Structure formats: structure tokens, C-alpha cells
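Order of the sequence lines fixes the chain letters, A, B, ..., with proteins taken first and strands second; residue numbering starts at 1 for each chain. Both backbone and side-chain heavy atoms feed into the values below; hydrogens, waters and symmetry mates do not. As the structure is a computational prediction, the values presented were derived from the model and not from experiment.
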Amino acid sequence: MNLDRFFDIPSDLQHSWAGLIGLHLREALLPVLAGLLLALPLAQLCVRFRWLYPPVLGVTTVLYAVPSLAFFVVLIDYTGQTELTVMIPLAVYSLVVLVPAIVDGVRSVPQETLAAATAMGIGPVRRYLQVQLPIAVPAIMAGLRVATVSSISLVSVGALIGNQGALGNLLAAAQKYDRPELALNSVLTTAALAIVCDALLVLLRVALTPWMPSGRRPKTAPRQRPVPQGVTR
Amino acid sequence: MESVTKRYADGTVAVDRLSLEIRDRSITVLVGPSGCGKTTTLRMINRMVEPSEGTILLDGEDIQRRPVTTLRRSMGYVIQNAGLFQHRTIVDNIATVPRMLGWSKQKARARAAELMERVGLDAALAKRYPYQLSGGQQQRVGVARALAADPPVLLMDEPFSAVDPVVRKGLQDELLRIQDELGKTIVFVTHDIDEAIKLGTMVAVMREGGRLAQYAPPAELLAGPADAFVEDFLGADRGIRRLSFFPSASLDLTTGPVLPLDATAEQIAAAGAPWLLVTDAEGRPLGWGEPRTLTAGAIRPGELLPYGRPFVPGTDSLRAALDSAVLSPAGHAVAVDDAGRVTGVVSQAAIGEAIRGAHAADRADEAKVAS
Ligand SMILES: Nc1ncnc2c1ncn2[C@@H]1O[C@H](COP(=O)(O)OP(=O)(O)OP(=O)(O)O)[C@@H](O)[C@H]1O
Ligand SMILES: [Mg+2]
């Protein structure tokens with residue numbers, strides 16, 4: 001291994017090290033954002049219509065069980081060897097983590113609080129936006145952390161479809177040019193990105209919830225799913 | 001409320017043909033065992049629950065005719081555990097309804113500050129979050145929040161049942177004081193009969209199945225329970241509790257056995273009582289002593305036995321007087337004025353006489369009403 005060439009990225013990747021990081025973040029975080037935007041209304045529906053939640057949970061669990069490679073194979077026919085093919089499955093995975101997180105968070109709002117809001121003449125929409133969602137923030141943020149970290153690790157799989165794996169592409173390059181330091185770079189940088197993003201989300205959560213007793217965990221943690229790993233997904 | 005029935009979707013009859021006239025500017029207490037439909041009744045008043053049958057009139061108008069938001073904002077609602085918005089500061093919690101009614105932020109906050117003072121909360125708590133308050137303080141915030149838009153009606157559902165007895169007593173006294181000052185129409189739900197008797201102008205005792213067992217002022221309830229259920233619900237010592245409604249002003253006080261610390265041997269002998277109450281220079285009680293054990297001329301407080309808890313004639317009831325007499329080793333209750341100075345003592349026998357007198361007066365009143 002030649003650590004002097006740690007940051008010497010082969011030119012066929014068409015990006016500097018920093019460029020790969022930017023690309024990686026974009027491919028990882030945009031899907032989380034999309035997942036969140038879809039999850040909010042979907043979760044609201046599940047809260048409003050209780051009967052909807054079990055089937056939604058069932059479908060999302062099945063989707064979550066589909067390996068990302070299978071997704072890619074199906075999607076490639078439609079979206080080709082592009083970033084989009086990587087990002088769509090990641091958005092689905094985020095959605096799957098976030099819906100239960102939001103639903104559980106919103107449901108964890110105490111009955112008394114809801115009764116008090118209703119008794120004040122606060123309508124259902126206002127109640128959702130001003131009471132239930134804010135109180136669900138800790139649970140939502142916990143879901144976002146899981147989604148973000150797993151998304152960052154999963155982007156690398158994109159290396160298999162036309163080098164769309166950002167930092168993951170370094171793994172392929174390491175093999176091709178027999179430069180193990182590139183593989184190390186890929187692993188360490190991805191891990192560092194995940195840790196930094198996670199820490200930022202924790203800070204954001206603390207900033208958003210000055211009303212939470214410090215040192216206590218959110219009442220309802222989201223349904224924890226194992227963080228998927230490796231190329232088998 | 002006119003013959004109001006609530007049948008839930010699953011067939012449970014929570015309230016059964018309940019008719020109740022709630023008086024303006026008074027405290028009406030709904031009391032009864034768990035599941036007897038108290039909460040349901042209360043929630044029908046602000047339409048959080050819609051009655052299946054019957055009508056509820058507010059100032060003569062069917063509440064169904066009012067827009068539900070307007071109706072609810074004219075009624076403050078206080079619940080067990082306060083139900084505060086945990087993500088908002090105390091001032092913002094209290095200012096919620098005024099803000100929704102379109103008050104300026106400044107005006108709403110000023111109102112919140114005023115209310116915090118009224119319910120006995122330190123202004124320093126304003127910027128805190130609910131988790132930083134004790135249960136009793138949270139409950140006060142709940143009351144302040146319900147009063148924020150100055151609604152004429154206050155609905156309270158077991159507001160004080162989650163706090164310890166000492167804090168609860170404080171909150172009850174505070175509520176009575178607030179009611180005195182503001183003259184709200186309060187409907188108060190509890191399963192604690194003592195709380196009902198203490199707070200209620202009128203008490204509605206409910207029984208299983210959502211039926212009304214008796215509706216009467218507390219003194220009347222204690223004096224004449226309508227049936228075995230009510231009698232049972234009132235508990236074993238209702239006779240003693242009824243004494244709370246008899247005034248102590250008419251008790252004959254004697255000052256014979258009351259002596260100062262520097263009482264001489266002659267004074268002690270002249271008192272001629274088996275027990276003497278010794279007071280300090282200002283006339284405050286120190287304790288009871290038997291004449292033969294007292295050091296004439298310079299009685300030491302160490303020689304005295306505790307005098308228990310004195311009562312204030314006119315302010316306290318016969319119950320307090322009797323309690324004072326029972327506590328005292330001498331069998332005499334110690335009467336004091338507002339400043340705590342002894343105004344005299346009264347024997348258990350004399351209190352017993354006063355109780356019999358009060359009963360007689362009560363019967364005479366009833367006869368007058370009946371005729
Ligand atoms: N939403 C509901 N659906 C069906 N049944 C209900 C509902 N709410 C209450 N009940 C039933 O109605 C009855 C009266 O309930 P309610 O809550 O009014 O009692 P309560 O007197 O307030 O009791 P507690 O002292 O325990 O609070 C109970 O038997 C209860 O199980
Ligand atoms: Mg109840």
C-alpha cells in the first residue's frame with residue numbers, strides 16, 4: 001500500500017477527492033430529503049386513518065427487504081445508468097424508516113395534551129402542525145439519523161451500475177489499478193461522512209428541542225432496522 | 001342539562017338521562033366512582049363528546065347552535081396532569097388561546113404574566129419548559145392557561161388528583177380564592193368526596209351507569225343522603241365532616257383557666273381548674289399545665305403539655321373546634337384571634353351542646369322551607 005498516493009484519485013473517475021465527497025453527499029442526502037417529504041403526508045394519513053397503518057407498514061417492510069441490486073436491475077431499464085437509479089431505492093429506504101418514526105412520534109403525544117388542544121378549539125390541521133409534529137421531532141430526528149447513515153453507506157453500491165457510486169467507485173478503482181490505499185480511502189471517508197452527518201443531526205435535534213430534558217432519550221425511538229451493509233443489498 | 005344520554009359506538013351507556021341545572025358563578029362538582037360517566041358529562045358541555053339524546057342549554061340557548069370553536073373558547077378546560085404543551089414555554093402555554101384569538105404577542109404575554117401571579121406562580125418560571133416544573137406548578141399553569149381568555153365557564157376534570165395531598169390542598173384553596181375574585185361558573189369533576197364537599201356549591205353524586213344519585217349542596221348531602229349508595233359513598237365519618245358546615249361563632253368561651261407565664265400561686269389557686277392554659281407576654285398560647293406541677297411566678301414552658309391546634313371562632317367551623325378540643329390533654333379547645341392571641345377556651349361538653357343546637361337550628365330551617 002502506498003499511503004503517499006492516498007488522495008491521488010485516478011483520472012478516469014473524473015473527480016477530485018473533494019468532488020467525490022460532494023457527489024456522495026448529494027447522492028445520499030437528496031434521497032433522504034425526498035423520503036422525508038413523502039413520509040410526512042403518508043404518516044399523517046396513517047395517523048388519521050388508523051386502519052391504513054398496518055398495510056402501509058407491511059408494504060414498506062417488503063420494499064425494505066428488496067436488495068438494492070434488484071432495484072437497480074429493474075430501474076436501469078427506465079432510468080439508465082444514472083444517479084437517479086441509485087437515488088430512487090435510497091429514497092424508498094428512507095421513506096420506509098421515516099414513516100414508522102413519524103407515526104410513532106406523533107402517536108406518542110400524550111392524550112391529555114391532545115384533549116387540551118381540542119378543548120381550546122384548535123382544529124385538526126393546526127393541531128397536527130403546531131402540537132403533534134413539534135412533539136414528534138425527537139422521534140423524527142432519530143429516524144432521520146438512521147436513514148441518513150444507511151443512505152451514506154448504501155451509495156457505494158452504485159459503483160456497480162456505471163460507476164455511480166461516488167466514493168464507492170474508489171473500491172472498483174482500487175481493484176483495477178491494484179491500489180489498496182484507494183479502498184482504505186473509500187471506507188474511511190464514507191465512515192467519516194456518516195459520523196459527521198449523524199453528529200450534525202444530533203446538534204440540529206438539540207437546537208430544535210430546547211424543551212426536552214437534557215440527557216433523556218426521545219420517548220419513542222423509531223422502529224430500528226438493521227443498517228444494511230455491503231454489496232449484497 | 002335536560003335528560004342527556006350518551007351511548008358510545010360500542011353500546012356503552014356512559015350517561016343515562018341526566019338532568020342537571022348548573023348555577024352561574026358557582027362551583028358544581030360531579031363526583032362518583034370510576035367509570036360513572038363524569039368525564040363524558042363534562043366533555044358534552046364543550047362538545048368534545050356529542051350527546052346521543054337530550055339537550056344542553058347555555059344561558060337558555062342550545063349549545064348545538066353555537067359554532068364549536070366559539071363554544072370551546074368560551075370555556076376553559078383543565079385536566080389531570082395539566083396536559084401542557086411540552087414544546088412551549090410556560091408563558092406561551094398560557095398565551096395559547098389569546099394568541100389564537102388574535103391578540104398581539106405583547107398583550108398575550110402581559111396577560112400570561114398577570115395570570116401567573118393570580119395562580120401563585122413565580123414570574124421567574126415564565127421562560128421555563130413544562131418538564132422543569134413540579135406537578136403542582138404544572139397544574140397551576142393548566143389553570144392559568146384555562147383562564148387566559150377570561151372565559152365565563154371553567155371545566156375541570158380531576159385537575160388535582162395527580163398531586164400530593166399538601167399541594168392539592170393548596171391548589172383547592174387557590175381555586176376557591178380565584179372563584180371568589182373572578183366569579184366563574186365552574187364544573188369540577190373528582191372522585192374524591194372530600195374534595196367535592198370542600199369545593200362544591202352544589203354536588204352531583206353519580207353512580208355506575210351514568211345515573212344521577214343525588215344533587216344537593218354539600219351540607220345537605222351530609223345531613224341527608226338520598227339512598228344507601230350515596231351514604232356509602234360519603235364514607236364513615238360524615239357526621240364529623242358535617243360539622244364543617246356549622247359555625248363556631250356561637251361557642252361560649254371562658255377565660256378562667258387562662259394564665260400568663262408569671263402567674264402567682266394565688267392566681268393559680270384562684271383559677272380553680274384542673275388544667276390551666278399558659279400564655280406568653282403577648283397572650284399567645286404556650287401549653288397546658290396542671291396547677292400542682294407549675295412553678296408559681298415563673299412558669300417554664302418546659303413544664304407544659306402541647307395545646308394542639310387552636311381554632312378561630314367565626315372563621316373556623318365546629319369541626320375545627322371539636323378537633324382542637326379532642327387534641328388537647330385538658331379536653332378544652334383553645335380559641336385564638338386572627339393574630340394568634342388566646343381569646344378563651346371551651347370544653348368538649350360545651351362544643352357538644354353547640355352541635356346539638358346546630359342540629360336543632362338545621363331542623364327548624366328545614367321545617368320552615370317545607371311549610
Ligand atoms: N370513547 C369511548 N368509547 C366507548 N366507551 C367509552 C368511551 N369513553 C368512555 N367510555 C365508557 O363510558 C363510561 C364512562 O366513562 P367516563 O370516562 O365518562 O368515566 P369517568 O366517570 O370519568 O371515570 P374516571 O373516574 O375513571 O375518570 C365507562 O364505562 C367507559 O368505559
Ligand atoms: Mg374521568
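- In this structure, the separation between CG on B:N81 and OG1 on A:T113 is 9.0 Å, given to the nearest 0.5 Å.
- Contact detail for A:W211 and B:Q86: the closest heavy-atom pair is CB-O, 3.0 Å.
- In this structure, the side chain of B:H87 engages the main chain of A:Q130 through a donor-acceptor pair within 3.5 Å.
- With a threshold of 4.5 angstrom between heavy atoms, B:R128 does not approach chain A through any atom at all.
- Heavy atoms of B:R47 lying under 4.5 Å from chain A are absent altogether.
- Contact of B:L84 with chain A is made through the backbone alone, with heavy-atom distances under 4.5 Å.
- The neighbour count for B:E181 CD, taken as heavy atoms of other residues, nucleotides or ligands under 6.0 Å away, is above 12.
- Taken to the nearest 0.5 Å, the CD1 atom of A:I122 stands 10.5 Å off from the CZ atom of B:R72.
- When all heavy atoms are compared, the tightest approach of A:M212 to B:Y131 is O-OH, 3.6 Å.
- A heavy-atom distance below 4.5 Å is found between the side chains of A:P210 and B:Y129.
- Crowding of B:R25 atom CZ: a count of heavy atoms from other residues, nucleotides or ligands under 6.0 Å not exceeding 12.
- Side-chain atoms of B:R73 come within 3.5 Å of backbone N or O of A:G121 as a donor-acceptor pair.
- Each of B:R88, B:Q132, B:M75 has some count of heavy-atom pairs under 4.5 Å with chain A, and the biggest count is that of B:R88.
- Here the closest non-hydrogen pair linking A:E112 and B:G83 is CB-CA, 3.7 Å.
- Using a 4.5 Å heavy-atom threshold, the side chains of B:M100 and A:R126 count as touching.
- Here the CD1 atom belonging to A:I135 is positioned 7.5 Å from the CZ atom belonging to B:F85, to the nearest 0.5 angstrom.
- Residue B:E117 places its CD atom among 12 or fewer non-hydrogen atoms of other residues, nucleotides or ligands, all under 6.0 Å distant.
- For B:T96, the part lying near chain A is the side chain, with the backbone staying farther off; criterion is any non-hydrogen pair under 4.5 Å.
- Minimum heavy-atom separation, B:N46 to A:A119: ND2-CB, 3.8 Å.
- Annotation: A:Q111, atom CD; neighbour count of heavy atoms from other residues, nucleotides and ligands within 6.0 Å does not exceed 12.
- At most 12 heavy atoms of other shown residues, nucleotides or ligands fall within 6.0 angstrom of atom CD in B:Q106.
- Surrounding CZ of B:R177 are more than 12 heavy atoms belonging to other residues, nucleotides or ligands, all under 6.0 Å away.
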